[in-house]
Every structure is written in C-alpha cells, then in structure tokens.
K.L.:
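Got a structure here, written out as structure tokens. Questions coming.
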Amino acid sequence: MNLVVIGAQWGDEGKGKVVDYLSERADVTVRFSGGANAGHTIVRGDRVYKLHLVPSGIITPEKTVILGSGMVIDPEALFAELRELTNQGVLWEGRVLVSDRAHVVLPAYRKLDVELDRQRADPIGTTGRGIGIAYSKKAMRDGYRIIDILEQQVFDTIDPADRGFLEQYREPLADMVIDVQRYMELKGSKAVLLEGAQGALLDPDLGTYPYVSSGCSAAAGASIGSGIGPRAIDRVVGVFKAYSTRVGNGPFPTEFHADRDGRLIAHIREIGNEYGVTTGRPRRCGYLDLVALRYICRSNSIDSLALTHLDVYDTLDEVKLCVAYDIGQASVETFPASRTALDDAQPVTRKFPGWKTSLSGVTRFETLPQQARDYIAFIEQYTGVPVDIISVGADREQTIVRRDPWIQS
Ligand code: GDP
Ligand code: IMO
Ligand code: MG
C-alpha cells in the first residue's frame with residue numbers, strides 16, 4: 001500500500017509527528033517535495049528531533065528513508081543534519097538514500113533568494129534557503145541534479161566555484177544515490193509512506209499564489225516527486241491543526257486580530273509554541289478555516305484527516321471556526337483564487353463550547369469530552385472527510401487513532 005501524507009493548511013500542521021507515527025508500518029518513507037525550507041518535529045519522550053531534509057521515518061529504527069526526485073537538496077544542509085542525527089544517537093548510515101533525479105541547491109541560490117525577496121514590493125517572506133531559485137533553475141533547465149555532480153563529464157561543466165563547494169560531498173553522496181523507481185522494484189517495497197512538505201495552500205498551483213513555496217506540496221506531487229505512478233497511490237492523509245497558522249506573508253482570511261479576538265493570538269502562540277522550526281519566526285495564528293480545508297480535501301483527494309493541536313484549545317471557554325467568508329455583499333463558501341477577494345474576506349464563524357479540561361492524556365476517542373467530539377463531528381460533516389487521527393500533544397504517544405490509514409476499509 002502506498003500512503004501519502006500532506007499538510008492541508010499553510011505548513012507546520014504536524015506532518016513530522018504523523019509521518020513518524022505511521023512510519024512504523026512502512027517499508028520505506030519517501031519525502032517527495034521541498035527542501036531545507038521545511039522543519040518537521042518529532043517528539044519521543046524527552047527526545048526532540050528537528051528535521052529539514054531527512055524524511056521523518058528516520059527516527060524509527062532500521063527503516064529506510066529516501067529523499068525523493070521532487071526535492072531540492074542543499075548538500076551542506078543535508079550533511080549538517082545527518083551530523084546532528086549522529087549526535088542525537090540516530091544510526092542513519094545505510095538508511096538514508098537520495099534520488100539521482102533530485103535537484104541541488106547551491107550556496108549562491110540562498111543569497112539570491114534573500115536578495116530577490118528583499119527587492120520585491122510585497123516580499124513573500126521566504127525562508128532564505130534558496131528553494132525558489134532551485135525550482136526556477138529546474139524549470140528553466142539550468143539546474144543540476146544529484147546525478148550530475150557524480151558524473152565527471154557533467155561535473156566538469158559546472159562553474160569552478162560551485163565545483164569547489166560540491167567536491168567534498170561527491171564521495172559521501174555516491175554511497176547514498178539511487179534510482180528510486182528501480183530501488184522500489186528490486187526491494188519489492190509493499191508499504192511506502194510518501195511524506196509531503198509545506199502545505200497544499202503553499203503549493204504554487206493550488207495555494208495562495210504568489211505567496212506560496214515552489215515545490216509541489218499537493219498530493220499530486222507525491223507521484224511525480226517520488227517516481228511512483230499516480231494510480232499506485234492508495235490513500236491520502238491530510239494533516240491539519242485545530243486552528244490555522246501561517247509563516248511569512250500572504251492572505252490569511254481567518255487570522256486573529258487584536259481588536260476582534262483579544263488575547264487569542266498571544267494565547268495560542270504561547271500554548272501552541274507557534275514559532276517556526278526553520279527560521280524561528282513567530283507564526284501568524286487564526287481560526288480553523290473550513291472553507292480552505294474543504295477546498296484542499298477536494299483538490300487533493302484526501303481520504304482521511306489527521307487533526308493535531310486539539311490540546312491547544314483546552315483552556316478556552318468557547319472555540320470558533322470559520323464556515324464561510326463575507327466578501328463585500330456576498331457570503332462565499334468556496335476558496336477564491338483572487339488575492340483581493342482573500343484579502344477582503346471576513347470570516348463567518350460558528351461557536352462551539354470549550355471542553356475546559358486537559359486532553360493531553362486522552363488515548364481513546366470515546367474518552368474525549370463531548371464538546372471536543374462535537375467540534376470534530378462538525379469538521380467531518382463540513383468537509384465530508386473522516387477525522388481518523390487526533391493528536392493531543394507533541395509526543396508520539398499523544399495520538400488517538402480511530403481508523404488506521406494503513407488498513408483500507
Ligand atoms: P510540520 O512542519 O508539519 O512537521 O510541523 P512542525 O514540526 O513545523 O510544527 C508542529 C509543532 O507542533 C512541533 O513543535 C510539534 O512538536 C508540535 N505538535 C505536533 N502535534 C502537536 C499536538 O497535537 N499538540 C501540540 N501541542 N503540539 C504538537
Ligand atoms: P513545513 O514542511 C511553513 C513558507 C515561507 C514563505 C513561503 C515561501 O515545515 O510545513 P520558501 O522559502 O519555501 O520559498 O518560502 O513558504 N514556507 C513554510 N511555511 N512550513 C513550511 O514547511 C514552509 N516552507 C516554506 O515561510 O511564506
Ligand atoms: Mg514545519
């Protein structure tokens with residue numbers, strides 16, 4: 001079975017935690033998009049792992065992970081991350097493989113990324129990791145793939161300064177590089193977990209363009225970004241938070257505003273620890289946006305939802321979510337492409353009573369307070385997709401599984 005996990009909002013939904021949890025049953029985990037712009041956190045007891053390029057299946061002992069063809073890989077960042085894993089006692093040698101078709105991020109791309117964003121009249125607020133530059137070079141057919149730095153003939157055509165930088169990584173990379181499709185065939189991989197990065201609202205086609213990233217973070221990217229045919233994808237899991245967050249600029253219809261929402265911003269940011277894993281920037285916070293979530297469920301064939309951060313709402317008297325936008329005189333329940341419409345959109349919210357009790361120790365759906373179950377039931381009814389996994393804390397153990405996505409009904 002081939003199972004895809006994507007972010008169903010603007011990133012940081014808790015994909016790392018969900019992928020780590022599901023990787024136990026996988027033969028191999030493949031990251032299919034993005035680069036070191038991602039920051040995926042895994043918490044197991046007192047151990048916290050922060051991954052940027054290495055797929056989140058790596059923490060599960062003995063499992064193989066692959067950096068897929070749709071990724072853009074900064075070799076300096078990759079080997080720094082692997083050193084950090086060694087320091088944390090993770091035995092990764094022989095378990096981390098890299099697609100020969102993935103693209104390379106060079107140091108100059110990082111500088112250019114920062115400069116270009118600074119020059120924009122309305123900056124995107126990129127992570128400065130050279131991601132947009134690498135994907136642009138790829139689209140312009142001026143980029144380098146991992147295979148290119150291993151083949152002497154092609155390597156010799158690379159700019160001497162870049163060659164100087166890349167030389168040190170050629171040997172260590174040579175041991176890790178594979179043709180993903182052939183690898184899967186030879187190994188007869190039966191349970192493949194496909195890990196997305198960013199979120200579908202940051203996808204350049206589906207998301208809030210131009211305030212998006214450049215890799216294909218939608219479920220459709222799982223196929224092309226890993227080398228598995230689209231019909232071989234069996235199931236898509238969308239991860240979303242009980243509220244919404246966004247790092248960087250761009251439309252965010254349900255963002256909290258001090259005048260309307262009082263102390264909610266500070267409250268959610270502190271309790272949810274809403275600071276970026278990659279850049280440390282405070283994340284913008286807002287209500288759960290069901291208009292956007294339903295759009296993402298439908299445009300990504302999401303079969304199964306994983307709701308995270310439900311515990312962050314534990315102390316609130318009431319919990320609100322957005323069911324429509326007021327745009328001018330119109331009430332809208334579909335997610336607009338127009339930037340101005342999204343900027344003008346006022347959330348129409350629906351209130352639910354809070355549960356006012358800690359969920360952090362709950363392990364079964366049946367023991368969640370009725371108020372929390374009502375909130376979940378409403379999300380399912382609105383989106384038409386079952387909430388199969390509920391996360392009530394950062395730790396791996398704080399996970400309620402109602403239906404196992406690996407078991408097809
Ligand atoms: P990702 O990019 O989607 O993998 O998510 P990040 O790791 O960037 O951000 C999610 C943050 O929330 C991390 O610090 C996680 O440890 C934490 N987290 C994940 N699930 C939960 C949850 O259910 N409750 C709380 N309170 N924190 C969570
Ligand atoms: P994970 O995988 C949240 C955002 C940046 C910026 C925009 C473009 O941890 O969910 P880029 O550097 O990619 O060109 O920046 O996308 N962004 C993310 N936001 N989580 C991420 O990844 C992100 N990756 C990029 O903040 O607004
Ligand atoms: Mg993240």
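Remember, it's a predicted structure, so these values are computed and weren't measured experimentally.
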K.L.:
Using side-chain heavy atoms (C-beta onward) and a distance below 4.5 Å, is Leu307 in contact with Ile376?
P.N.:
yes
K.L.:
With Thr340, which residues qualify under side-chain hydrogen bond (donor to acceptor under 3.5 Å, both in side chains), at least two apart?
P.N.:
Ser338
K.L.:
Indicate yes or no: at least one non-hydrogen side-chain atom of Ile400 is less than 4.5 angstrom from one of Val392.
P.N.:
yes
K.L.:
Quick test of your reading of the model: are Arg283 and Glu274 salt-bridged, counting only N-O distances below 4.0 Å?
P.N.:
yes
K.L.:
With side chains defined as the heavy atoms from C-beta onward, is the minimum distance between Phe352 and Lys320 less than 4.5 Å?
P.N.:
no
K.L.:
Is it the case that Arg284 places NZ or CZ above or below the six-membered ring of Phe252, under 6.0 angstrom from the centre and within 45 degrees of the axis?
P.N.:
no
K.L.:
To the nearest 0.5 angstrom, please state how far the CG atom of Asp179 sits from the OG atom of Ser69.
P.N.:
8.0 Å
K.L.:
Between Arg129 and Asp74, is there a salt bridge with N-O shorter than 4.0 Å?
P.N.:
no
K.L.:
Whether the side chain of Arg339 engages the backbone of Ala337 through a donor-acceptor N/O pair (distance < 3.5 Å, no angle test) should be reported.
P.N.:
no
K.L.:
Pairing donors with acceptors under 3.5 angstrom, does anything connect the side chains of Tyr313 and Gln371?
P.N.:
no
K.L.:
So do the side chains of Trp355 and Leu316 get within less than 4.5 Å of each other, counting heavy atoms only?
P.N.:
no
K.L.:
Under a 3.5 Å threshold, yes or no: a donor from one side chain and an acceptor from the other, between Asp388 and Ser304?
P.N.:
yes
K.L.:
Count the heavy atoms of every other residue, nucleotide or ligand shown that sit under 6.0 Å from CD of Glu366, and state whether that count exceeds 12.
P.N.:
yes
K.L.:
Hey, does Val332 have a side-chain heavy atom less than 4.5 Å from the side chain of Val291?
P.N.:
no
K.L.:
I want to know whether Tyr287 and Tyr243 have ring centres closer than 6.0 Å.
P.N.:
no
K.L.:
Could you tell me whether Arg110 and Asp113 have a side-chain N and a carboxylate O separated by less than 4.0 Å?
P.N.:
no
K.L.:
Are the side chain of Asn300 and the backbone N or O of Ile296 linked by a donor-acceptor pair below 3.5 Å?
P.N.:
yes
K.L.:
Is the backbone N or O of Ile58 less than 3.5 Å from a side-chain atom of Trp92, with the two atoms forming a donor-acceptor pair by type?
P.N.:
no
K.L.:
Quick one: does any side-chain atom of Thr279 pair with a main-chain N or O of Gly276 as donor and acceptor, under 3.5 Å?
P.N.:
no
K.L.:
Indicate yes or no: does Asp27 engage Lys63 in a salt bridge with an N to O separation below 4.0 Å.
P.N.:
no
K.L.:
Tell me if a side-chain donor or acceptor on Tyr135 pairs with a main-chain N or O of Gly34 at a distance below 3.5 Å.
P.N.:
yes
K.L.:
Tell me whether Ile265 at atom CD1 has more than 12 heavy atoms from other residues, nucleotides or ligands lying less than 6.0 Å away.
P.N.:
yes
K.L.:
Establish, from distance only, whether the side-chain atoms of Ser23 and Thr60 form a donor-acceptor pair under 3.5 Å.
P.N.:
yes
K.L.:
Between Asn37 and Ser213, does a side chain to side chain donor-acceptor pair (under 3.5 Å) hold up when you go through it step by step?
P.N.:
CA-CA 9 Å; Asn37 50 347; Ser213 189; 3.2 Å; yes
K.L.:
Would you say Glu195 and Ser56 are linked by a side-chain donor-acceptor pair, where the criterion is simply a distance under 3.5 Å?
P.N.:
yes
K.L.:
Does a donor on one side chain sit under 3.5 Å from an acceptor on the other, for Gln198 and Asp203?
P.N.:
no
K.L.:
Applying salt bridge (charged side-chain N to carboxylate O under 4.0 Å, His left out) to Arg145 and Asp100, what does each step give before you reach the verdict?
P.N.:
CA-CA 7 Å; Arg145 298 190 299 175; Asp100 49 6; over 6 Å; no
K.L.:
Regarding Tyr325 and Asp289, is there a side-chain donor-to-acceptor distance under 3.5 Å anywhere?
P.N.:
yes
K.L.:
Measure the shortest side-chain to side-chain distance between Val323 and Thr349 over non-hydrogen atoms and say whether it is less than 4.5 angstrom.
P.N.:
no
K.L.:
How are the rings of Tyr169 and Phe79 set relative to one another: parallel (under 30°), tilted (30 to 60°) or perpendicular (over 60°)?
P.N.:
parallel
K.L.:
Are any side-chain N or O atoms of Asp311 and backbone N or O atoms of Ser360, one a donor and one an acceptor, separated by less than 3.5 Å?
P.N.:
no
K.L.:
Is there a side-chain contact (heavy atoms from CB on, under 4.5 Å) between Val177 and Leu97? Walk through the geometry before answering.
P.N.:
CA-CA 6 Å; Val177 171; Leu97 303 174; over 6 Å; no
K.L.:
Are any of the side-chain nitrogens in Glu380 or Arg373 under 4.0 Å away from the carboxylate oxygens of its partner?
P.N.:
no
K.L.:
Please round to the nearest 0.5 Å and tell me the distance separating atom CZ of Arg25 and atom CG of Leu3.
P.N.:
10.5 Å
K.L.:
Are any non-hydrogen side-chain atoms of Arg118 and Pro123 less than 4.5 angstrom apart?
P.N.:
no
K.L.:
Just by distance, no angles: are the side chains of Trp10 and Thr245 close enough, under 3.5 Å, to form a donor-acceptor pair?
P.N.:
no
K.L.:
I'd like to know if the side chain of Glu185 pairs up with that of Gln181 as donor and acceptor (distance under 3.5 Å, no hydrogens or angles considered).
P.N.:
yes
K.L.:
Would you say that more than 12 heavy atoms from the other residues, nucleotides or ligands in this model lie under 6.0 Å from the CD of Glu171, or not?
P.N.:
no
K.L.:
Kindly indicate whether a cation-pi arrangement holds for Arg294 with Tyr382, taking the cut-offs as under 6.0 Å to the six-membered ring centre and within 45° of the axis.
P.N.:
yes
K.L.:
Hey, could you give me the CD1/CG distance between Ile389 and Leu305, rounded to the nearest 0.5 Å?
P.N.:
10.0 Å
K.L.:
If the condition is side-chain contact (heavy atoms from CB on, under 4.5 Å), which residues does Tyr295 pass it with, not counting sequence neighbours?
P.N.:
Leu201, Leu206, Ser299, Phe335
K.L.:
First locate atom CD1 of Ile379, then atom CG of Leu321, and finally report the distance between them rounded to the nearest 0.5 Å.
P.N.:
6.0 Å
K.L.:
With no hydrogens and no angle check, is any side-chain donor or acceptor of Arg47 less than 3.5 Å from a backbone partner on Gln88?
P.N.:
yes
K.L.:
Would the distance check show the side chain of Arg44 and the main-chain N or O of Arg396 forming a donor-acceptor pair, the cut-off being under 3.5 Å?
P.N.:
no
K.L.:
May I ask you to decide whether Glu255 forms a salt bridge with Arg260, counting only side-chain N to carboxylate O separations under 4.0 Å?
P.N.:
no
K.L.:
Rounded to the nearest 0.5 Å, what's the gap from NE2 on His103 to CD1 on Ile133? Could you check?
P.N.:
14.5 Å
K.L.:
Are the side chains of Glu76 and Val105 in touch, meaning some heavy atoms are under 4.5 Å apart?
P.N.:
no
K.L.:
Around atom CZ of Arg182, are there more than 12 heavy atoms from other residues, nucleotides or ligands closer than 6.0 Å?
P.N.:
no
K.L.:
Without hydrogens or angle criteria, can the side chains of Glu13 and His309 be said to hold a donor-acceptor pair below 3.5 Å?
P.N.:
no
K.L.:
Can you measure from CD1 (Ile302) to CD1 (Ile6) and round to the nearest 0.5 angstrom?
P.N.:
4.0 Å
K.L.:
Quick test of your reading of the model: are Arg246 and Asp12 salt-bridged, counting only N-O distances below 4.0 Å?
P.N.:
no
K.L.:
Please indicate whether Tyr275 has more than 12 foreign heavy atoms, meaning atoms of other residues, nucleotides or ligands, lying under 6.0 Å from its OH.
P.N.:
yes
K.L.:
Looking at Lys17 and Asp395, is any side-chain nitrogen of the basic one under 4.0 Å from a carboxylate oxygen of the acidic one?
P.N.:
no
K.L.:
Would you please test His52 and Leu78 for side-chain contact (heavy atoms from CB on, under 4.5 Å) and show each step?
P.N.:
CA-CA 8 Å; His52 301 282; Leu78 174 61; over 6 Å; no
K.L.:
Would you say CZ of Arg101 has more than 12 non-hydrogen atoms from neighbouring residues, nucleotides or ligands within 6.0 angstrom?
P.N.:
no
